[in-house]
Every structure is written in structure tokens, then in C-alpha cells.
Amino acid sequence: MKYDYPTIEKKWQDIWDEKQVFAAKNDYSLPKFYPLVEFPYPSGQGLHAGHPRPYTALDIVARKRRMEGFNVLYPMGWDAFGLPAENYAIQNNVHPKIVTEQNVKRFREQIKSLGLSFDWSREINTTDPAYYKWSQWIFLQLFKNGLAYKSKMAVNWCTSCKVVLANEEVVGGSCERCHSEVVRKEKVQWMLAITKYAQRLIDDLDEVDYPERVVASQKHWIGRSQGALVDFNSTAGDLLQVYTTRPDTLFGATYMVISPEHPYIEKWADKIQNMDEIKVYQAAAAKKSDFERTEVAKEKTGVQLKGVMGINPVNNAEIPVFVADYVLVSYGTGAIMAVPGHDQRDWEFAKKFDQPIVEVVSGGDVDAAAFEDCDTGVMVNSGFLNGLSVDDAKAKITGWLKEQGKGEPKVNYKLRDWVFSRQRYWGEPIPIIICDKCGFVPLDEKDLPLTLPDVESYRPTGEGDSPLAGLDEWVNCTCPKCGGAAKRETDTMPQWAGSSWYFLRYCDPFNDNAIASPEAIKYWMPVDWYNGGMEHTTLHLLYSRFWHKFLYDIGVVHTPEPYSRRTSHGMILGEDGVKMSKSRGNVINPDDIVNEYGADTLRLYEMFIGDFEKTAPWSSNSIRGCKRFLDRVWNLRESAQTGEAYSPELESSIHKTIKKVGEDIETLKFNTAIAALMTLLNEIADKGSLTRGEFKTFLLLLNPFAPHITEELWETLSFGGMVTEQKWPAFDSEKCKDSTAEIVLQISGKIKARMNMDAGLDKEQMIALAKENPEIKGILSERGIVKEIAVPGKLVNFVVR
RNA sequence: GCCGCCGUGGCGGAACUGGCAGACGCCCGGGACUUAAAAUCCCGUUCUGGCAACAGAGUACCGGUUCGAUUCCGGUCGGCGGCACCA
């Protein structure tokens, strides 16, 4: 009988479905395991070769854990709000809901064809009103706790399409669709105060098991810095406050710079003599897109405020004040003290605008370049700081500033509050009513969900408002507080909203009274193992950690962190070694692979392709090796003989393989786990036959990787029940040890001979035996031994003269 | 520029804590089976020289530590990912 994978795979997928084999149990007395993969955005293109990699990896872990007796929750769902469906809707005038439904259907079929052990009874969809009811509920809690507020923010504005663009729609400073200019435009937006959680988001990284690179990028994104606020007086009479991480260099501050948006420009308008020039500069800066503003970073621009001078608090020197767009209004105080001797940006600016450059830390050459990396230097030209180290100077000046009432220590973060509004249709409506009398009024929780109404056109309005703004009968409503006429908020939430808490919903997906029942959350959370792409290590991870911490603060969840362990898979590239893309024509469609080789082969290959955490190019040739392996496993059923025991020839290898496969699965080394199974198969083939007991163990080990073929063989050989219901095999560590070992014999580190020795020998015994080796004996007779080194089980090395 | 990761055969990749470099797979070459082909099975396969036994070289490059370095340290070059005027 041939290995008929299409029939076999269909058969077992139907059985799993029908018997709900992989449904998580609601028995909270069992030990639990909650593995999670990032739920996909169901795009129109369907699955690509990258999707099955993480899904299969955690599927392997999930299947192993079930066999180890855990109650496993391995769920799947759809992150289905988002731009592509909306853009498709605009172009074809089809409701995004319809498009989304079609895409979800296709994705579900494709994923099911891979034989993944997801608990489909808990499938969720962020666009389902029963789901987004709770996204809206969380927003209301944030609002009620003062963490959601409205504020003017710059948005990307396409001058031709007249719409607000998401950052990913801006390509190289122009609109992705029409290629015309994108500029900054101020709009009032909902914001979430994630910055209030900045420190906790850093500190609690110590509590979780994340890869180093993920921890680093989270910290980098939050961007904590320790510095000081310093008050500079001015000839205009107002204090101009700056933030600096280098208060020790205060004596080197020879001028100041404020950002074009700084409020003092307006305040000082009557004192500034060149206001016209300043206004021109401000206008030019405002017109620049973010892209231009950073693109032209090389060349510094700016204008001096004539008629106003700053006063350096340490020496009362009058110093000029410039406006320049290299100073950002959104960071620190929007104003800086410039220390051109020790900051490269200030140095470049000083050179261009002919400002004095003063060295305050010795060791560099400030005429050639700013001396930035000056931690080892000594203070000079710095009055009472002279002679101190940088660290001591920092401490002393900070104390002095405080004494004088001219400054204080300050921690700053690069992290900004989260812009939470989108002027789009396909997202969760923000459940807020805007009342002229009462301001922003939260929708009553009993009125949730606030469902997305149907609209005529999915195109944002020409003023950049969401398409919802055109629906008068939806927008106009009564204020829940005063009963007067009011309007609904027409902005919707970003795609990040639904994905910031979805792991909680899986715990109890159909609960209509809460995110999930407290018992379910208490039992299942935190997620034990969360795998996702590196592209989500900053935003998604940070946003969901933030929401979780908030939910912790209001008592909805019991752990401050949502995920105990995070891992990241590498991307699968096209055969040509570059990222798969439609335009390059190098996209591999999993459907084709499933048809040609079967799901088990695809799963095996995706795991065998290389180090799980690294990118790897697809190879149409290599996958054939995985198919061959399964063909050979299939043919084993003819060689299986009676007997439950392991044969003496294979016993040790089997125990070693059980150990190796088990360990490798836990440490993400799926490729070497498969290699170990291949090695064992080669040994079995060399021997020519195997016992039923040996075959059973082999199938159990292979099952998480290739579930269909192993179930079929298990059934064919009448081993009883299903593989899925079996226990994960155990190994005996005594039997993993070899009785003899081939020992390498070296002379001064060079291999001269090898010999077999009893594995239990100690160093002295090994050295004694090695000296008897004819090859070694010959060499040693001519040269004197300087040193004897023995490593049990490995080698003996004689260092000679 | 900054942060992180990486550099091993023709290819994807192995190598625990410093101890036989190249596991496993692909490709390729040879053979068996076949009328033939495919499939399958067996043998070979880092490079150089040699019919061979064998000898020498070899983990991007230069240097260091060590009895011994793919592994640790310093430097150089190259690639990938992310961030980027954050004072």
C-alpha cells in the first residue's frame, strides 16, 4: 500500500474535528499549558510559506505537552480589522465585512489543511461585535481612569487624496497610492497615556523570559535617560527651561536652541526683532513632512532670535537663542542648552552659525569634532567643577542646581503617548459622545457594543474625517449625562486595539458579561509561551503589555505581565534568498506544497529548514528529503516485528533519541530534533527490522512533527487508541550512556591516534592506557612529557618538549 | 550614526560548558534493479596532492589567551534586522 497522504491527512483532520480532540478542557484542577502564536491578519493573498513556521513550532510543543498530561489551550483567531480590507472596500465598494469573511474562510481552510492542533471551538474575530464590545469596554475604563484623552497631534496628510494616512501608507515621503506629497497636518486625536507606564514597562522585563534582543528593543523603544532640568534666565524675563543628560557640561553651553513650535516664540513676539524671519522659518518647518525633517538631518538650519538672550545660570553669561528644527518640541522641554564642544549636532550647528566652541572636558580635540565619548575625561574651563571626573561633576552640579533652585534631576523617556484615533471605517468605533455642555461623555457600558453602522462610501471625507462622520442619523444622539443634543465620536480605533488583549478572550471566548470570567483568567493566564515575529517586538508587545498592566491595576487580571516566555521565529525567504513578494514572483503558496507533498512533509520541512530563530531561504530541492524520510517511515510498517521490548542493538539509540527530541523541542531546536529522528531511522534501516515496541516509540516521537502519518501507522498496526491520547515516552539516563568511547590521543594538541576505552575510566587510567598505544609510545620514547591532560570520554593529550 | 544578530563545504545547516569541524538533509558522481525511464536501494562526496595507504591546509580576515579555539578576548572587513537630530 502506498503512502496516500491526501486521503490520510483528510481522514485524520476530520476525526480530530469531529471528536474535538484538541479542545481545551474546562477542568481547572488539571495542570495547564497555554501556548500562543500571533493571530494573523486574514489578507486577501491567503497564507504564505512563513505562516506555518511558528504555527507548527508551537503545535509541536502543544502536542508534546498534551502527551505529558497538560490541559493545553492552543487557540487561533483573526485580527481582522485593518487597512487592506478597507482599501479593497473603497475600490470595489464591497462591505469590508464581506471581504473579511471570505478571507477568514480561506485562511481557516488553509490552516486546517496543515493539521495544527488548534482549539477551533474558541476561535475569535476582532471584528465580531461580541468581541469588540470588550475592546470598547477597555477603552472606557482607560478613559474613566484618565488614561485616554484628546490632544492635537500631527498626522500624515495626503494633499491629493485628502485623507489621513497611516505611517505604513507613507512610502519615501509620498502617498503609497497616488505618489503625491504627504505633509503634516494637525488634528485632534485620541491618545492613550502609555508614558505613565514607561518605567514599569522597563522594570517588569526582569520578570519575564524574553530573548535578549527583544528586551533590548523594548528598552530602546522606551528610551529612558537620566538627566536634569535646568532653568536658564532670559533677558525677556522668563525662565527658559531645558532638559540635558549632561549637566556637567553646563559651563560649555554657549547658546540655546528652541524648537520651531516652542510657545515662547509667540510669547516673546514683541521683543523679537526679526519676527518675520522667524515666522518664515516656522512655516517652512511646519510644511516639512517627518520624512523631510529627518532626511535633511545632515545639514542644520536655524535662525537666531534677535533681541532676546539666554543667561547661563552657572556664570551668568548672556548667550544667544536660536530656533532650529533639530530640536523637537515633543521631547524634553522643547528647548536645549547647546554644548558644541561635546555634542556633535551642536558642534555642526556652531560651526555653521559661527558660535564659540568651549572645551569643558579634556581629552578630545574640540576644534576637529565634538568630544562626546568623554566619560574618562577631567573637567576644565568649568569654574567650581574643574578637575572633577565627569561622574563627580554630574553629582556636584546637580546638587548645586537644586540648592540654587535652578534645576533638578529628571528622567525622560523617548516613548510618546499612543495615538489611538484613526479616521477610518474598518475599526472599532470609539464609544464616546461629545456634548457641548458636558464634554466627552463615555457611552453607558450597558449600551456596548457600539456597532459599526453601514455607510454608503468607505472613503474618508475630504476634511480627513472618518466615513462615519457622514452618517447624520448615527452621529447625532443625545448626551447620556444631560440628555441634550450631542454627537458621537466618529474616529475608530487602530488595529492594535483588538490584538492588545485577545489572549484574554481565548480563556473564555463567549462570555457576554466580562472579558472572560475571573476563574478562567485565573486558571489560564499568563500565556506560558508566546511566539511571534520580530516585527512585533516593539509595538504589539509594548501595547499589549501596557493594556495588561492597566487591567492588572483595575483588578481584571492577576498578573502584571501577560506572557511568561516570548520567542521569535525567523522569516522564510524566497528561493532567491530575498523576502517573498508578489512583485518578485518568489512567493511559495503552502497549498501547492500540501498538494504536492502533503501537510506532514511541509510541517517537517519548515521545522528542518534551519535554526528556528533565524531567517532561512526556501528550497524546493531540500523539501524532497523530508518527503523521502516520511516515505521510509511509511515503509517501516512492513519491517515491524513482534515484541514490545527494545532490542539490544537499538536500545541505547532509542533512549538517546527520546532525550534529544524532548530537549530540542523545549529549546526551539526543531531542526536537530528531526535530524535525530532521521539518524535513528537510518540505524533501524541498517538493522533491517524493528520491534513493535520500538516502532511505537518512534511514532510517538515523530507525532508532534508529522501527526497524520503517525496516527495512520498507529492505527494500521493496531497499537490501540490514538497517538494523541498516548503518553510521551520516557528515557532512562543510564541507557543513554555509552559503555565505551573512542578517545582521541593527542601530542601537543595534534591528533596522532584514536583508541576505544571503557567510558567509566578516570584520568589516570586513561593516561596509562594511552601510553600503551604503539603510535603514542613511539613518540613519547623520543620526547619528554611536559604535561598530561585527560578529559573523560573525550581525549588524552601529552604536551611534549 | 546607534542598538541587536550573523559570517562554517557546491547549498540549507550541525558541533553540550573551550576537547575528533562538517551531524542531518539537499545537490552532484558512481553502481544495483529496469527493455528503458521514474521511484527505490548501495557506495562516494571540505579543499589540495597521490592509484592508494597517507600528507598538508581549512570555520570571513589579522592578532591574543590556552596543552588545545568554530567556541573566549582585541581589532578589521562584509551581510541582515531594527531605530535614527530624543539633547
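Worth knowing before you read on, the calculation uses all heavy atoms, side chains too, and leaves out hydrogens, waters and symmetry mates. We name chains A, B, ... by the order of the sequence lines, and we start the count at 1 in each one.
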Which protein N or O atoms sit under 3.5 Å from an N or O of nucleotides 66-73 of chain B?
unit_1 : atom_1 : unit_2 : atom_2 : d
B/C67  : O2     : A/N797 : ND2    : 2.3

Practice task
Quick one: list whatever passes side chain to side chain contact (heavy atoms under 4.5 Å, CB included) with A/D365, sequence neighbours left out.
Solution key: A/D367, A/A368

Problem - More than 12 heavy atoms from other groups under 6.0 Å of NZ on A/K351 - result: yes

Tabulate atom names and distances for all N/O pairs under 3.5 angstrom spanning the protein and nucleotides 1-11 of chain B.
none

Handout entry: Set of residues satisfying salt bridge (Lys or Arg N to Asp or Glu O under 4.0 Å) with respect to A/E372, sequence neighbours excluded
Key = none

Handout entry: Nearest atoms (heavy-atom pairs only) where A/S259 meets A/I265
Key = O-CD1, 3.8 Å

Practice task
Using the P atoms only, state how far B/C2 lies from B/U76, rounded to an integer number of Å.
Solution key: 12 Å

Practice task
Check ring-ring contact (aromatic ring centres under 6.0 Å, His included) between A/Y597 and all other residues, then give those that pass, not counting sequence neighbours.
Solution key: none

Handout entry: Test ring-ring contact (aromatic ring centres under 6.0 Å, His included) applied to A/F670 - qualifying residues, sequence neighbours left out
Key = A/F612

Exercise for the section: Please check if the side chain of A/S581 supplies one atom and the backbone of A/R584 the other of a donor-acceptor pair under 3.5 Å. Expected result: yes

Problem - Canonical and wobble pairing (Watson-Crick, G-U, under 3.5 Å) of RNA chain B, dot-bracket with | - result: (((((((..(((......[....))).(((((.......))))).((((....))))..(((((..]....))))))))))))....

Distance-only donor-acceptor hits, side chain of residues 327-341 of chain A, under 3.5 Å, sequence neighbours excluded:
unit_1 : atom_1 : unit_2 : atom_2 : d
A/S330 : OG     : A/R416 : NH1    : 2.9
A/Y331 : OH     : A/S225 : OG     : 3.2
A/T333 : OG1    : A/Q241 : O      : 2.7
A/T333 : OG1    : A/A335 : N      : 3.4
A/T333 : OG1    : A/A335 : O      : 3.2

Practice task
Could I get the full list of ring-ring contact (aromatic ring centres under 6.0 Å, His included) partners for A/W221, not counting sequence neighbours?
Solution key: none

Handout entry: Distance test, side-chain N/O of A/Y331 to OP1/OP2 of B/A87, below 4.0 Å
Key = yes

N/O-N/O pairs, protein side and nucleotides 28-34 of chain B side, under 3.5 Å:
none

Practice task
Report yes if at least one side-chain N or O of A/S225 is closer than 4.0 Å to OP1 or OP2 of B/A87; otherwise report no.
Solution key: yes

Taking only nitrogen or oxygen atoms into account, show me every contact under 3.5 Å that the protein makes with nucleotides 38-47 of chain B, one pair per line with its distance.
none

Practice task
With sequence neighbours excluded, tell me which residues meet salt bridge (Lys or Arg N to Asp or Glu O under 4.0 Å) with A/E663.
Solution key: A/K659

